[in-house]
Amino acid sequence: MNEQALRETVVDTCRRMNALGINQGTSGNVSARHGTGMLVSPSGVPYDRLGPETVVRVDADGSWGGEFRPSSEWRIHRDLLRERSDINAVVHAHPVYCTVLAIRRMEIPPLHYMIAAAGGSNIRCANYATFGTAELSENVLQAMRGRDACLLANHGVLAVGHDLERALWLAVEVEALARQYVLSLQIGGPTLLTNEEIERVLAKFSDYGHRRADARHER
Ligand SMILES: [Zn+2]
């Protein structure tokens, strides 16, 4: 995808986060790999004023130019894209149910087979650190080992994918799981699936061509 098309996709993904109800105000931010750096949503621009020209190109060393500042969480995006050659996109938001669990510093257990869409039998909650810090980025990298999504303590959720569509889809799925978990806790707590069952589901997802096909299959 050329730079202009990718800038438009970043803007479109921000708007879709709001339309899908997983964002709180303008707190969400998204990025996509571009060359050796990334294109990331800007800081402090209301979503109705977002345009391709407001998307910020950040180089691998964290430098950027132009009139718009990148999202305050640019470091998490940069570090994930640097560490994970298998992904090209990162979506971060503060949806209600993920954030409620993150406030309780709870991970999401295997209460539904769709947990495997994030790569394993749980979705971890990254340890707390102040937003925008290198420490938070390190905590996220740790929680994301072997996973495509995690919660951020007292903060929100993060999901990655081979493209923005997949990362956004996964963020929505994780919010659905969080909601199911919170509600099931209110009626006595969930009956969890076994690790063996999650292994079986992971194998089935990979049969479908996993990261692409299961998104279509389950939407
Ligand atoms: Zn945030």
Side-chain angles (χ1 to χ4, degrees), residues 9-33 38-50 54-56 58 62 64 68-84 87-108 118 123-145 147-161 164-179 181-182:
T9 307
V10 167
V11 170
D12 181 54
T13 305
C14 287
R15 296 224 168 97
R16 283 171 65 203
M17 278 201 301
N18 280 21
L20 288 162
I22 63 160
N23 203 19
Q24 177 63 38
T26 59
S27 55
N29 39 74
V30 314
S31 67
R33 189 189 301 281
M38 64 179 178
L39 296 174
V40 62
S41 52
S43 174
V45 177
Y47 276 17
D48 56 2
R49 281 191 230 149
L50 279 183
T54 67
V55 173
V56 185
V58 177
W64 69 85
F68 295 95
R69 277 179 302 128
S71 158
S72 56
E73 298 295 8
W74 65 268
R75 196 185 294 274
I76 296 180
H77 294 260
R78 191 272 311 263
D79 292 353
L80 276 166
L81 290 167
R82 189 166 58 186
E83 180 121 329
R84 297 272 303 267
I87 64 158
N88 297 306
V90 181
V91 166
H92 165 63
H94 302 175
V96 172
Y97 287 91
C98 283
T99 306
V100 162
L101 292 176
I103 286 166
R104 290 277 286 117
R105 312 258 173 122
M106 292 166 80
E107 66 174 36
I108 305 178
I123 294 171
R124 302 184 194 102
C125 182
N127 289 337
Y128 185 80
T130 308
F131 81 93
T133 59
E135 186 186 0
L136 179 57
S137 182
E138 272 169 38
N139 294 348
V140 167
L141 286 179
Q142 202 171 346
M144 289 287 283
R145 272 180 305 177
R147 298 289 183 274
D148 285 349
C150 73
L151 307 179
L152 284 68
N154 304 74
H155 186 157
V157 69
L158 187 142
V160 301
L164 277 167
E165 185 178 1
R166 168 70 194 193
L168 178 62
W169 171 83
L170 183 58
V172 172
E173 286 298 324
V174 175
E175 175 64 356
L177 289 165
R179 189 174 181 199
Y181 187 31
V182 169

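First listed ligand is number 1; within each ligand, the first listed atom is number 1.
Counting only protein atoms, the N, O or S atoms lying less than 2.8 Å from the Zn ion (ligand 1) are His92 NE2, His94 NE2, His155 NE2, ordered by chain and residue number.
A side-chain donor-acceptor contact under 3.5 Å links Arg33 to the backbone of Ile87.
Rounded to the nearest 0.5 angstrom, Glu175 CD and Leu20 CG are separated by 11.0 Å.
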Please list every donor-acceptor pair under 3.5 Å in which a side-chain atom of residues 149-157 meets a protein atom from a residue at least two apart or in another chain.
residue	atom	partner	partner atom	Å
Asn154	OD1	Arg105	NE	2.6
Asn154	OD1	Arg105	NH2	2.8
His155	NE2	His92	NE2	3.1
His155	NE2	His94	NE2	3.1

Distance-only donor-acceptor pairs under 3.5 Å for side chains of residues 125-136, two or more places apart:
residue	atom	partner	partner atom	Å
Thr133	OG1	Thr130	O	2.6
Thr133	OG1	Leu136	N	3.1

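The number of heavy atoms from other shown groups lying within 6.0 Å of CZ (Arg69) does not exceed 12.
Taking the salt bridge (charged side-chain N to carboxylate O under 4.0 Å, His left out) definition, one finds that Arg145 meets it with nothing, sequence neighbours left out.
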